[in-house]
Amino acid sequence: MTSDTALGRETMAAPPVRHWPALDLTGVDFDPVLSELMREGPINRIQLPNGEGWAWLVTRYDDVRLVTNDPRFSRAKVLGRQVTRLAPHFIPAPGAMSFVDKPDHARLRRAVNAAFTSRGVERLRATAQQTLSTMVDDMLRDGPPADLIERVLSPFPITVICELMGVPADDRHTLHVWTQSILSSSQGAEASERAKKDMEVYFAKLIAERRGATGEDVTSLLGAAVGRGDITEEEAVALAGPIQIGGEAVTNNTGQMLYILLTRPALFDRLRDEPSLRPQALDELLRYIPHRNAVGLSRIATEDVVLHGVRIRKDDPIYVSYLAANRDPDVFPDPDRIDFDRAANPHVAFGHGPHYCVGGMLARLESELMVNTLLDRIPTLRLSVSADEVPWRRGALIRGPEALPVTW
């Protein structure tokens with residue numbers, strides 16, 4: 001394991017700093033810069049387009065799990081630091097779970113856990129399936145061609161996350177517009193920050209209205225937690241925003257999954273004809289898809305740590321790449337191949353350690369419902385354009401097709 005083989009005495013000089021530009025990648029091709037970094041060694045130094053200085057990067061599966069679960073690497077200490085990063089702005093606000101360490105992290109997570117347990121997520125299944133079936137009915141009634149993103153893959157996750165959050169139907173389009181601005185790396189820091197502030201004001205009002213609430217939606221849980229004194233109003237607002245934003249990442253993930261299935265007919269046909277294979281195949285697609293561009297949030301070393309013979313000094317920033325970890329050949333043989341028969345699949349698509357994605361179970365449910373419904377209801381589904389004509393999101397932090405033109 002990493003703790004035995006990678007940690008030890010300092011034996012090597014620091015690797016050179018590599019510039020990692022913001023790439024507008026199309027399709028599901030793996031980031032070529034990340035591929036080079038993986039080949040160069042288990043630990044690298046990178047400089048991203050925004051922020052200041054450089055940061056460490058680890059890409060091996062065991063190292064990613066180590067850093068994300070080791071209290072010597074802190075998220076809280078990132079606050080106030082202009083760490084080199086892809087986005088022109090920090091998406092989570094101070095007080096959000098993303099920037100909190102133990103034990104506060106567990107306290108904040110408890111405030112919303114009830115919505116994300118198996119029971120909390122499963123209570124949405126019947127309503128979510130009905131919503132999805134209606135969307136597919138409408139698309140089939142209108143006939144081909146259709147944009148699968150516009151008709152299903154975008155509105156469905158918006159509806160589900162807003163339902164879970166307790167956001168009224170009339171406000172959902174506004175939340176979607178804010179989310180798209182926040183997740184853009186091309187609109188500039190000012191526009192993204194303005195959208196983030198607008199969302200914070202919105203949730204502050206909604207949570208304040210729900211103090212003492214008994215509902216199971218997230219804003220009711222947060223309102224009740226504030227009323228009990230478990231968390232502050234500021235912490236509640238900081239929790240709500242990233243959950244809302246993260247809920248829309250499902251659109252991009254399922255967009256990539258459907259793009260893969262529609263451009264590789266053998267995979268589509270197999271999943272259509274073998275429903276029992278789908279849960280295992282879904283894990284393989286989650287492992288394979290390049291969920292995001294570059295890397296997400298960094299951590300800060302709280303003391304000197306020697307990793308693979310290289311000294312990471314106290315106060316140095318460090319990133320992990322879950323995408324790279326999911327392509328580690330020591331864990332996933334033939335990692336660049338989509339293998340639906342891959343039985344052992346301990347992917348880290350939803351993260352690892354205390355900051356494991358709180359909405360991971362919900363995202364999986366939504367992806368399962370969409371893949372199953374589309375395969376079963378539209379067995380002749382196919383692209384209505386060539387694969388290279390599918391437009392992809394530009395200047396986005398989360399990768400995915402802008403549209404997915406289909407026919408049947």
Contact summary for [X] and [Y], nearest pair of heavy atoms:
X: Y202; Y: P168; answer: OH-CD, 3.4 Å
X: P346; Y: V331; answer: CG-CG1, 4.0 Å
X: S321; Y: V64; answer: O-CG2, 3.7 Å
X: Q244; Y: T179; answer: CG-OG1, 4.5 Å
X: A294; Y: L48; answer: CB-CD2, 4.1 Å
X: G53; Y: Q47; answer: O-CG, 3.4 Å

Gap separating the [atom1] atom of [X] from the [atom2] atom of [Y], nearest 0.5 angstrom:
X: S298; Y: F73; atom1: OG; atom2: CZ; value: 12.0 Å
X: L153; Y: I158; atom1: CG; atom2: CD1; value: 11.0 Å
X: I161; Y: I243; atom1: CD1; atom2: CD1; value: 7.5 Å
X: I43; Y: L37; atom1: CD1; atom2: CG; value: 12.0 Å
X: R299; Y: I312; atom1: CZ; atom2: CD1; value: 12.5 Å

For residues 23-35, which residue pairs pass the side chain to side chain donor-acceptor pair (under 3.5 Å) check, not counting sequence neighbours? W20-D31

Side chains of [X] and [Y]: does their closest heavy-atom pair fall under 4.5 Å?
X: E402; Y: I149; answer: no
X: P354; Y: R75; answer: no
X: R342; Y: Q280; answer: no
X: N293; Y: L23; answer: no
X: P145; Y: V406; answer: no
X: E284; Y: F332; answer: no
X: I378; Y: V136; answer: yes
X: V250; Y: F156; answer: no

Between the side chain of [X] and the main-chain N/O of [Y], is any donor-acceptor distance below 3.5 Å?
X: D147; Y: A403; result: no
X: R313; Y: D304; result: no
X: Y259; Y: V390; result: no
X: T68; Y: R65; result: yes
X: T254; Y: M257; result: no
X: D217; Y: S220; result: yes
X: D328; Y: Y61; result: yes
X: D101; Y: S74; result: no
X: R210; Y: A224; result: no
X: R81; Y: D315; result: yes

Checking E163 against T159 for the side chain to side chain donor-acceptor pair (under 3.5 Å) test, could you report, in this order, the C-alpha distance in whole Å, the side-chain angles of both residues, the deciding distance, and whether it holds? CA-CA 6 Å; E163 181 77 19; T159 301; over 6 Å; no

Which residues satisfy the salt bridge (charged side-chain N to carboxylate O under 4.0 Å, His left out) test with R125, sequence neighbours excluded? E122, E368

Does [X] have more than 12 heavy atoms from other residues, nucleotides or ligands lying within 6.0 Å of its [atom1]?
X: Q130; atom1: CD; result: no
X: H19; atom1: NE2; result: yes
X: R141; atom1: CZ; result: yes
X: D341; atom1: CG; result: yes

Any salt bridge linking [X] with [Y]? Criterion: basic side-chain nitrogen under 4.0 Å from a carboxylate oxygen.
X: D62; Y: R60; result: no
X: R151; Y: D138; result: no
X: R364; Y: D283; result: yes
X: R45; Y: E40; result: no

Less than 6.0 angstrom from the centroid, inside 45 degrees of the normal: does R270 satisfy that with respect to the ring of F340? no

Using the ring of Y288 (Phe, Tyr or Trp, six-membered ring only), decide whether R327 places NZ or CZ under 6.0 Å from its centre and within 45 degrees of its axis. yes

Applying side chain to side chain contact (heavy atoms under 4.5 Å, CB included) to F99 and H355, what does each step give before you reach the verdict? CA-CA 9 Å; F99 284 141; H355 290 282; over 6 Å; no

Distance-only polar pair, side chains of [X] and [Y], donor-acceptor under 3.5 Å:
X: T219; Y: E209; result: no
X: T251; Y: E248; result: no
X: H352; Y: N69; result: no

With salt bridge (charged side-chain N to carboxylate O under 4.0 Å, His left out) as the test, would you mind laying out the steps for R377 and D137 before giving the verdict? CA-CA 9 Å; R377 294 284 307 278; D137 286 342; 2.5 Å; yes

Please walk me through it: do T127 and V160 pass side chain to side chain contact (heavy atoms under 4.5 Å, CB included)? CA-CA 9 Å; T127 302; V160 172; over 6 Å; no

Verdict with supporting geometry, V295 and L86, side chain to side chain contact (heavy atoms under 4.5 Å, CB included): CA-CA 7 Å; V295 283; L86 177 63; over 6 Å; no

Taking the inter-plane angle between the rings of W54 and W56 on a 0 to 90° scale, is it parallel (under 30°), tilted (30 to 60°) or perpendicular (over 60°)? perpendicular

T380: which residues meet the side chain to side chain donor-acceptor pair (under 3.5 Å) condition with it, sequence neighbours left out? none

Could you walk me through whether T373 and Q129 pass side chain to side chain contact (heavy atoms under 4.5 Å, CB included), step by step? CA-CA 9 Å; T373 301; Q129 181 63 71; 3.2 Å; yes

Tell me, with the steps shown, if N252 and R393 meet side chain to side chain donor-acceptor pair (under 3.5 Å). CA-CA 9 Å; N252 294 16; R393 297 181 188 275; 3.2 Å; yes

Report the C-alpha distance between N372 and R278 in whole Å, list the side-chain angles of each, state the deciding distance to 0.1 Å, and finish with yes or no for side chain to side chain donor-acceptor pair (under 3.5 Å). CA-CA 8 Å; N372 284 344; R278 292 175 192 172; 3.2 Å; yes

Positive for side chain to side chain contact (heavy atoms under 4.5 Å, CB included) with L261, one of L374, L271, D269, I338: L271

